[in-house]
Amino acid sequence: MADPSPFCWWTPAGIAIGRMDEIEDGTARVYEIELSERRFRGLIARRGERLFGFVDRCPHAAVPLTRSATDDPIDNGLIQCCWHGARFEMESGYCVSGPCQGRSLSPWPIAVKGDRIVTA
Ligand code: FES
């Protein structure tokens with residue numbers, strides 16, 4: 001049976017996402033990528049010169065972590081889901097508190113080439 005969801009949960013390698021300077025140190029940004037008939041939504045968190053990519057889907061209720069793609073979900077160094085307050089480590093996506101404590105965000109493989117961020 002075909003999956004009727006308009007979303008997909010992975011991206012092929014080599015898609016241009018954005019630039020490193022679009023994400024301030026200590027913040028995160030949501031990116032939406034159109035893939036033929038489906039849409040992918042990922043979150044990239046930055047700490048110093050390191051970036052961490054995750055699928056923007058909370059393991060508690062399988063919804064995006066933010067109400068809007070322009071919201072920064074970082075609070076006191078942790079990624080926080082806006083719906084019920086689950087809090088995740090920026091580096092690992094591990095949930096340290098909230099209704100899905102002990103679970104993790106799904107990693108989104110990304111790479112930096114020069115100042116460009118691409119899917120990996
Ligand atoms: S949907 Fe994220 S904490 Fe409930």
Side-chain angles (χ1 to χ4, degrees):
M1 185 169 125
D3 179 359
S5 170
F7 301 102
C8 67
W9 311 113
W10 64 278
T11 53
I15 296 176
I17 301 170
R19 292 189 327 272
M20 185 101 175
D21 64 6
E22 294 172 342
I23 309 169
E24 287 184 42
D25 187 13
T27 70
R29 180 178 168 145
V30 170
Y31 289 90
E32 293 185 341
I33 298 174
E34 298 293 330
L35 294 165
S36 60
E37 296 175 5
R38 292 189 175 191
R39 187 164 16 116
F40 172 86
R41 195 168 141 141
L43 178 145
I44 299 176
R46 177 172 181 173
R47 178 160 284 160
E49 293 305 305
R50 297 188 305 155
L51 298 180
F52 308 96
F54 302 100
V55 176
D56 185 16
R57 182 174 57 167
C58 181
H60 176 225
V63 295
L65 296 157
T66 59
R67 285 182 168 80
S68 161
T70 59
D71 292 347
D72 174 8
I74 302 298
D75 180 63
N76 284 324
L78 295 169
I79 299 168
Q80 180 164 314
C81 179
C82 71
W83 303 108
H84 311 106
R87 293 167 64 81
F88 306 86
E89 294 175 343
M90 283 175 75
E91 295 87 349
S92 67
Y94 180 77
C95 183
V96 296
S97 67
C100 48
Q101 185 170 1
R103 297 174 68 188
S104 294
L105 298 172
S106 297
W108 178 28
I110 58 170
V112 177
K113 297 192 174 185
D115 69 337
R116 300 279 174 190
I117 308 168
V118 298
T119 58

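Order of listing sets the numbers, starting from 1, for every ligand and every atom in it.
The backbone N or O of Gly77 sits less than 3.5 Å from a side-chain atom of Arg47, completing a donor-acceptor pair.
With sequence neighbours excluded, no residue forms a ring pair (Phe, Tyr, Trp, His ring centres under 6.0 Å) with Tyr31. Asp75 is linked by a salt bridge (charged side-chain N to carboxylate O under 4.0 Å, His left out) to Arg87, counting only residues two or more places apart in sequence or in another chain.
Annotation: protein N, O or S atoms under 2.8 Å of atom 2 (Fe) of ligand 1 (waters excluded) comprise Cys58 SG, Cys81 SG.
Using a 4.5 Å heavy-atom cutoff, the side chains of Arg41 and Phe7 are not in contact.
Pairs passing the ring-ring contact (aromatic ring centres under 6.0 Å, His included) check and including a residue from residues 67-99, sequence neighbours excluded, read His60-His84.
Within 6.0 Å of CD in Glu24 there are 12 or fewer heavy atoms belonging to other residues, nucleotides or ligands.
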